[in-house]
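Let me begin by presenting the structure, written as structure tokens, before commenting on it.
Just so it is clear, the values below take in all heavy atoms, side chains as well, and ignore hydrogens, waters and symmetry mates. All chains are named by letter (A, B, ...) in the order of the sequence lines, taking the proteins before the strands, and each is independently numbered beginning at 1. Fair warning: this is a prediction, and the values are worked out from it, not measured in the lab.
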2 protein chains.
Amino acid sequence: MKKRRVKLEDIARKLNISIATVSRALDKNPRVKPSTREKVFKTAEAMGYMPNQIAKSLSSGKTNIIGVIIPRYDEPFFIEVCRGIDHYAREHNYKILISSSRNSFEFERENLISYERGIVDGIILSPTHETETFTHIRSIIGKGIPVVLFDNIKEEVSGADHVLIEDDKASYEAVEHLIKTGRKRIAFVGGIKEKKVFQDRFKGYLDAMQANQIEVLDELILHCKSLDREFEDTEINEFLSNLPEFPDAIFTCTDNYGLLTMKTLLKMGYRIPDDVAVIGFGDLGLGEVFVPSMTCIAQPSFEMGQKVAELLIQQFNEPVDKNHRKKVVKLKTELVLRDST
Amino acid sequence: MKKRRVKLEDIARKLNISIATVSRALDKNPRVKPSTREKVFKTAEAMGYMPNQIAKSLSSGKTNIIGVIIPRYDEPFFIEVCRGIDHYAREHNYKILISSSRNSFEFERENLISYERGIVDGIILSPTHETETFTHIRSIIGKGIPVVLFDNIKEEVSGADHVLIEDDKASYEAVEHLIKTGRKRIAFVGGIKEKKVFQDRFKGYLDAMQANQIEVLDELILHCKSLDREFEDTEINEFLSNLPEFPDAIFTCTDNYGLLTMKTLLKMGYRIPDDVAVIGFGDLGLGEVFVPSMTCIAQPSFEMGQKVAELLIQQFNEPVDKNHRKKVVKLKTELVLRDST
DNA sequence: CTGTTAGCGCGTTCAT
DNA sequence: ATGAACGCGCTAACAG
């Protein structure tokens with residue numbers, strides 16, 4: 001005894017008018033007599049009418065859904081970006097379908113393909129570290145589906161908008177701050193080398209060191225290989241435990257690296273910032289709570305989400321022109337000084 | 001010059017067979033001759049055919065999308081649940097459409113209604129603290145849409161599955177642990193009173209105190225009112241600063257309360273756990289990093305997500321029977337002992 | 001094994 | 001101002 005949904009036809013029959021009129025009435029089309037519109041609205045309400053979004057989408061070719069592909073859920077940065085996307089999207093009557101590529105290129109491709117089946121009007125994607133080739137994205141764009149990329153963009157994809165921060169510049173600034181406050185032996189803790197953002201952050205570190213004529217020591221550099229929280233902890237622990245001579249500052253490439261570093265340092269008996277200064281990257285809330293609070297490069301994550309959504313929705317309203325050069329937006333970061341430096 | 005998508009008809013025409021056959025062939029329907037199936041697959045591939053999910057959905061009445069409504073994004077618990085949902089859902093060929101009710105009953109209702117438009121096959125929802133009436137949920141269920149509720153369920157909704165933890169029992173256990181380790185003046189830091197989970201956690205605290213004949217002092221109790229990280233900090237700060245006599249333990253109702261409490265204590269010069277012990281609730285990763293690491297009630301968030309998804313997908317396969325009593329699943333929590341107690 | 005036909009629910013001409 | 005009819009792309013029931 002499942003109730004069949006009320007549809008336009010039901011309303012039409014009840015009122016002895018055509019489906020088309022009902023449709024127009026509900027659409028507030030001015031060409032329908034006010035009195036009938038009234039009637040339609042009332043009976044629709046009374047009968048509990050609810051438009052069928054799927055049918056609408058099939059007919060209109062629009063789903064009002066934005067597909068979002070992030071490398072992983074358990075990184076506050078991506079969630080914050082999603083929150084930004086959601087905020088902007090909802091204001092413009094779009095919903096978001098999120099999926100994680102779980103740091104795997106294959107998953108990224110699969111997700112993209114599943115979105116290609118017409119369930120989303122456009123796609124927002126942040127490439128994984130494994131993503132070396134971009135043909136899967138170009139293929140989607142080739143089919144006329146709007147795409148916006150953000151963070152970790154290894155290769156510019158024509159036809160897609162890009163939103164990012166200047167990772168190298170931000171790192172440069174942070175390292176320079178360490179140098180200016182008298183630090184000389186500055187260690188670097190980064191992520192897997194395959195990830196563009198980590199390459200850039202490393203570059204910023206190197207540039208700042210070089211610009212200030214400070215020798216870069218390999219022994220002070222760690223590129224974490226793991227993608228898992230637990231192992232990050234182990235890697236950092238080992239790195240710090242095996243240093244021949246101790247650094248007086250450590251620049252780290254994520255908030256989590258920074259916190260794990262501080263934790264390990266405190267456990268080893270070092271004082272922060274007296275013995276060692278620490279800087280994190282991201283500023284997603286935790287750095288402020290830790291004792292001592294952590295100096296961070298603040299990345300505008302929420303804003304990035306908003307911007308990304310804005311660009312995508314803008315594309316929806318542009319004439320289809322695949323040769324149109326798309327935008328590259330660079331957002332500003334900020335060095336937030338706290339107790340760890 | 002936008003390319004039209006290839007559809008079944010195109011393949012059919014090219015092969016001089018009917019649309020139905022093409023459809024069946026791609027469906028691997030055994031009733032189609034292997035040789036034609038081969039041909040169909042090859043030309044489909046060659047022509048770059050991609051099924052239209054919307055059309056499929058309209059025709060089949062299934063979208064393979066699960067709607068998820070959480071009170072907010074910026075709480076790791078909900079994200080972890082979503083991750084669990086995503087994992088289970090994907091294995092069963094479902095995608096998830098997430099939306100946040102932003103701690104507002106109105107938003108919750110709106111989201112629910114938008115899902116009612118047929119874009120999702122079922123709904124997973126965690127009610128906000130504002131949600132006092134459940135008619136909006138019952139209405140959805142009445143229309144035959146499967147619903148599963150999790151966390152913070154103030155009122156049992158017949159026809160919906162429920163997944164939760166025993167908040168009171170978990171709190172009881174945590175407070176009892178404090179008592180057994182010799183703590184006597186035990187403070188309580190909870191969240192807004194309107195939220196069922198906080199009510200239950202408070203109840204567990206009261207029960208444990210009473211069972212051990214320890215007097216409950218109003219001055220040692222804080223129910224945070226704010227829903228915003230910043231203000232939580234302020235509230236806890238003020239609470240701790242104005243205590244007439246200091247507690248020797250503080251039981252807090254979220255990880256974040258626990259961390260903020262520890263931060264404030266350390267800043268005030270107290271030693272943890274020597275002067276004061278602290279316990280958090282959730283165990284979503286941060287407690288392990290803090291120095292000292294935080295003892296927590298571990299809530300199985302990821303598992304909760306998986307369970308919730310499992311129940312929903314199970315409902316999809318059940319015969320429609322609105323009077324069928326639905327399941328209530330209670331997941332186990334665990335007290336994880338660390339350095340803060 | 002394959003083709004024909006009739007929906008799925010709504011938007012949208014094209015008439016009237 | 002309103003109605004009839006077709007299309008969106010695919011599935012499924014019924015024939016043969």
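- Taking the six-membered ring wherever Trp is involved, the centroid distance between the rings of B:Tyr88 and B:Tyr94 does not fall below 6.0 Å.
- Taking atom CD1 of residue B:Ile19 and atom P of nucleotide D:dG7, one finds them 12 Å apart after rounding to whole Å.
- The separation between A:Asn29 atom CG and D:dA1 atom C1' is 10 Å, rounded to whole Å.
- Mapping B:Ala20 and A:Tyr49 onto DNA chain C by nearest heavy atom places B:Ala20 closer to the 5' end of the strand.
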Salt bridge (Lys or Arg N to Asp or Glu O under 4.0 Å) assessment of A:Lys7 paired with A:Asp10: CA-CA 5 Å; A:Lys7 49 188 182 181; A:Asp10 301 321; 5.9 Å; no
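- For D:dT2, the OP1/OP2 oxygens have a side-chain nitrogen or oxygen of A:Thr36 closer than 4.0 Å.
- Side chain A:Arg117 to base D:dG9: no donor-acceptor pair is found below 3.5 Å.
- The distance between atom CZ of B:Arg13 and atom P of D:dG9, rounded to the nearest whole Å, is 12 Å.
- The ring of A:His87 has its center closer than 6.0 angstrom to the ring center of A:Phe302.
- Among the heavy atoms of the strands lying under 4.0 Å from A:Leu8 are primed sugar atoms or P, OP1, OP2 only; no base atom is included.
- Considering only side-chain atoms of B:Ser23, the nucleotide from C:dC14, C:dT2, D:dT11 that sits closest is D:dT11.
- The phosphate of C:dT2 (OP1 or OP2) has a side-chain N or O of B:Lys33 nearer than 4.0 angstrom.
- For B:Leu58 and B:Arg37, each mapped to the nucleotide of DNA chain C holding its nearest heavy atom, the one lying further toward the 5' end belongs to B:Arg37.
- Among the atoms of the strands shown, only primed sugar atoms or phosphate atoms (P, OP1, OP2) are found under 4.0 Å from some heavy atom of A:Ile17.
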If you look only at distance, which donor and acceptor atoms sit under 3.5 Å apart when one is on a side chain in residues 30-48 of chain A and the other is two or more places apart or in another chain?
unit_1  : atom_1 : unit_2  : atom_2 : d
A:Thr36 : OG1    : A:Lys33 : O      : 2.7
A:Thr43 : OG1    : A:Lys39 : O      : 2.9
A:Thr43 : OG1    : A:Val40 : O      : 3.2

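- One atom, NZ of A:Lys62, and another, P of C:dT12, lie 13 Å apart when rounded to the nearest Å.
- If you measure from atom CD1 of A:Ile119 to atom C1' of D:dC8, you get 16 Å, rounded to the nearest angstrom.
- What separates CZ of A:Arg5 from P of C:dC8 is a distance of 13 Å, to the nearest Å.
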Worked verdict on B:His129 versus B:Phe105 for ring-ring contact (aromatic ring centres under 6.0 Å, His included): CA-CA 8 Å; B:His129 66 283; B:Phe105 175 66; over 10 Å; no
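- Applying the 4.0 Å criterion to OP1 and OP2 of C:dC10, one finds that A:Ser59 has every side-chain N and O outside that range.
- Here the closest non-hydrogen pair linking B:Val68 and B:Cys82 is CG1-SG, 4.2 Å.
- Rounded to a whole Å, the CZ atom of B:Arg24 is 9 Å from the C1' atom of D:dA12.
- Straight-line distance from the CG atom of B:Asn16 to the P atom of C:dG3: 9 Å, rounded to whole Å.
- Distances shown here put every side-chain N or O of B:Ser18 at or beyond 4.0 Å from the OP1 or OP2 atom of C:dT4.
- For A:Arg31, taking side-chain heavy atoms from C-beta onward, the closest of the listed nucleotides D:dA1, D:dT11, C:dG9 is D:dA1.
- When heavy atoms are screened at a 4.0 angstrom cut-off, B:Asp10 is found touching no nucleic acid atom at all.
- Using a 4.0 Å cut-off, no side-chain N or O of B:Lys7 falls inside it from OP1 or OP2 of D:dC10.
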